[in-house]
Amino acid sequence: MNGVRDRIAEALGAAMESMGLEIDPSLFVVERPARIEHGEFSTNVAMVAAKRLGVSPRSLAEKICGYLNENPIRHQERLEIAGPGFINFFLNCGYLHEELAQAVLKGEDSFALSGVGGGERVLLEFCSANPTGPLHVGNGWWASYGDALARLLRRCGYAVSTEYYVNDTGGQIRRLGESLLARRAGREVEEEGYQGDYVKELAAEYSGPEDVVAAGKWAAERNLKTIKISLDKLGIHFDVWFSQASIEESGAVEEILDLLDSKGLIAEEDSKKIFLSTRFGDSRDRYLVKAEGDFTYLAGDIAYHYNKFVVRGFQRVIDIFGADHHGQVASLKAAMDAVGVGSEKLEILLGQMVSLLSGSDRLKFSKRKGNLIPLEDLVDDLGPAATRLLSLSTSIDRATSVDLDKVKAESMDNPVYYIQYAHARMASIERVKDQRGIILPAISEVDLSLLVHPRELALMRELMSLPEVVEEAGLDRAPYKIANWLKDFSGLFHSFYHDCYVISDAVEIELTYARLYLVAGCKVAIRVALSLLGVEALEQM
RNA sequence: GCCCUCGUAGCUCAGGGGAUAGAGCAUCGGCCUCCGGAGCCGUGUGCGCAGGUUCGAAUCCUGCCGAGGGCGCCA
């Protein structure tokens with residue numbers, strides 16, 4: 001990274017040093033002011049440092065500006081001291097032309113590529129909905145988020161493997177088997193069973209033994225296939241599908257129990273075994289072995305996470321859970337500390353609940369009654385791009401409400417079309433260029449300094465911010481920041497497109513050349529961003 | 001009762017120490033002689049309440065109010 005901001009930060013450091021002062025770069029910021037009247041960049045360094053030095057911010061700012069005026073950075077036009085002590089940098093737009101050329105030359109493979117992850121091996125687990133039925137809108141909501149996060153982390157230099165944990169054992173599988181057998185026998189499914197129509201359909205096909213576990217496993221496998229098809233429609237593919245049963249059958253759970261026991265962290269109560277998790281900050285101790293001798297879900301989950309870290313050697317594990325699984329967080333983290341992995345290497349992101357509305361009515365759904373809306377139906381209605389962007393537009397920390405009627409009725413107004421249309425327009429300009437036989441000279445032969453229209457400047461500023469946005473979104477585990485950048489960027493492109501013709505008899509050919517490179521740079525950026533969200537870039541709508 | 005997350009415009013949401021708090025939708029009104037009108041331009045008396053920290057708080061801390069989720073030998 002040697003962007004303008006870094007150059008400004010370095011220059012500020014040098015200015016401080018010239019006065020015999022040192023300042024930690026993490027204490028001050030170089031940022032783009034909300035208003036362009038405040039310059040291209042501004043810094044609070046004088047305000048931050050003055051407090052520590054016991055001098056007035058403005059007088060320190062004046063000294064810093066004195067140094068910077070003697071030793072200006074490239075493209076520096078003038079400086080200004082404003083408000084309580086901000087130093088505002090006014091640069092000539094040459095720096096934007098340089099950044100544009102960089103974006104074009106780097107291309108899709110290298111632009112906005114960050115090494116901040118340092119090759120760290122990350123296991124990202126998400127979705128992991130139980131295979132007791134089709135994926136519905138609720139439990140599949142954050143799947144696009146997880147998939148986009150994986151893409152984002154890879155762009156930031158992490159070595160990411162994605163994983164779906166298949167809960168293919170335990171009480172719910174037995175219950176699924178019971179429901180299946182009941183349907184096959186023509187009986188009603190009991191209150192606690194699964195009553196959705198899909199159970200009837202599966203029952204009609206099941207020819208296996210009258211055994212709840214066998215029937216349950218068979219149905220779970222079928223459900224998993226359905227889930228994979230739904231995810232496939234959304235463009236989501238996992239590197240690994242990890243079976244919970246395989247962990248239990250491998251003896252790994254017993255090993256974990258022994259390990260915890262050897263550290264004196266297991267209490268016994270009759271035939272039950274309890275993990276003393278309160279010693280690691282949990283609010284209560286947790287059962288690992290039930291009275292009948294079965295393992296609890298937590299026991300398997302601890303073994304599973306131990307497998308991720310110790311057996312498979314991942315340096316960091318990120319789990320995306322629904323907020324209704326928040327109760328596991330403290331126990332799992334306690335367990336990671338207990339087995340010596342270190343809970344700080346386990347990041348658990350909680351996706352808040354989605355409530356579905358129909359008009360102003362909140363829809364009440366019940367898994368038991370099976371009246372949930374399949375995710376696949378939504379994808380069929382909206383298409384994968386619009387469906388993905390729907391959940392990718394908001395922070396995972398926020399409980400969102402989605403009005404299905406509105407979303408379907410306004411599907412043409414979905415922001416994804418606004419973004420894809422911007423890309424289609426870029427592609428269209430290039431088609432027109434080819435149709436008219438315009439031969440674009442090499443970028444080194446083109447005068448990019450002709451790009452001075454306010455629309456062009458605004459577009460280039462947004463363009464050059466993508467590398468920072470990608471890095472920030474990666475570090476914050478926040479792919480929605482990419483979605484927000486895309487919306488802003490697309491808006492600026494549409495404005496440019498409207499006000500600045502690229503190819504026209506009224507436009508000088510040299511300006512056409514420069515604008516064609518602007519479009520090329522924009523296309524690189526928007527394609528990178530769309531690929532991070534897993535949304536297709538359309539050549540035409 | 002305890003724990004987690006969240007209260008920003010009519011609605012859905014950004015902004016998460018920085019200068020005059022933004023976008024989409026909805027409303028009302030403008031814009032097609034040229035690269036695609038799925039577009040552009042205009043239209044907005046809003047940070048739940050009260051304290052605190054700070055040069056500076058929508059942002060951090062505390063309390064209160066409100067919403068969602070959790071507090072199983074379910075998974």
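To find a chain, count down the sequence lines: A is the first, B the second, and so on, and within it residues start at 1.
- Looking only at distances, a side-chain donor or acceptor of A:Y198 sits under 3.5 Å from a matching main-chain atom of A:T132.
- In this structure, A:T387 contributes its side chain and A:L382 its backbone to no donor-acceptor pair below 3.5 Å.
- Minimum atom distance to the side chain of A:R436 is reached by B:C35, of the listed B:C35, B:C40, B:A19.
- Checked against salt bridge (charged side-chain N to carboxylate O under 4.0 Å, His left out), A:R527 has the following partners two or more places apart in sequence or in another chain: A:E108, A:E539.
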(request) Treat a base pair as Watson-Crick or G-U wobble with both distances under 3.5 Å, then lay out RNA chain B in dot-bracket form, 5' to 3', with | for cross-strand pairs. (result) (((((((..((((....[...))))..((((.......)))).....(((((..]....))))))))))))....

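- A:Q172 comes within 4.0 angstrom of sugar-phosphate atoms only, judged by non-hydrogen atoms across all strands, and of no base.
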Could you list the protein-to-nucleotides 43-48 of chain B atom pairs, N/O on both sides, closer than 3.5 Å?
none

Using the 3.5 Å cut-off, write out each protein N or O paired with an N or O of nucleotides 10-14 of chain B and the distance between them.
| unit_1 | atom_1 | unit_2 | atom_2 | d |
| --- | --- | --- | --- | --- |
| B:U12 | O3' | A:S401 | O | 3.3 |
| B:C13 | OP1 | A:S401 | N | 2.6 |
| B:A14 | OP1 | A:S395 | N | 2.6 |
| B:A14 | OP2 | A:R398 | NE | 2.4 |
| B:A14 | OP2 | A:R398 | NH2 | 3.1 |
| B:A14 | O2' | A:N484 | ND2 | 3.1 |

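- Shown here are the ring pair (Phe, Tyr, Trp, His ring centres under 6.0 Å) partners of A:Y513, two or more places apart in sequence or in another chain: there are none.
- With sequence neighbours excluded, the residues forming a side-chain contact (heavy atoms from CB on, under 4.5 Å) with A:A245 are A:D168, A:T169, A:K217, A:S243, A:E249, listed by chain and number.
- Residue A:Y297 contributes atom OH, which lies 15 Å from atom P of B:G70 at whole-angstrom precision.
- With B:U20, B:C6, B:G18 as the choices, the nucleotide that has an atom nearest any side-chain atom of A:N44 turns out to be B:G18.
- With distances taken from any side-chain atom of A:A323 to the nucleotides B:A75, B:G69, B:C35, the minimum falls on B:G69.
- In this view, A:K523 and A:E430 satisfy the salt bridge (charged side-chain N to carboxylate O under 4.0 Å, His left out) rule, not counting sequence neighbours.
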Can you pull every protein N or O that's under 3.5 Å from an N or O on nucleotides 54-60 of chain B?
none

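- Considering only residues two or more places apart in sequence or on other chains, A:R286 meets the side-chain contact (heavy atoms from CB on, under 4.5 Å) condition with A:S277, A:D282, A:S283, A:R284, A:L298, A:S331.
- As judged by a 4.0 angstrom heavy-atom cut-off over every strand, A:R455 is placed among residues touching the sugar-phosphate backbone only.
- In this structure A:H38 satisfies the ring pair (Phe, Tyr, Trp, His ring centres under 6.0 Å) test with no other residue, sequence neighbours excluded.
- The pair A:K308-A:E163 does not meet the salt-bridge criterion, since no charged nitrogen lies less than 4.0 angstrom from a carboxylate oxygen.
- Partners of A:R431 by salt bridge (charged side-chain N to carboxylate O under 4.0 Å, His left out), not counting sequence neighbours: none found.
- Every residue meeting the side-chain hydrogen bond (donor to acceptor under 3.5 Å, both in side chains) condition with A:D381, not counting sequence neighbours, appears here in chain and number order: A:K408.
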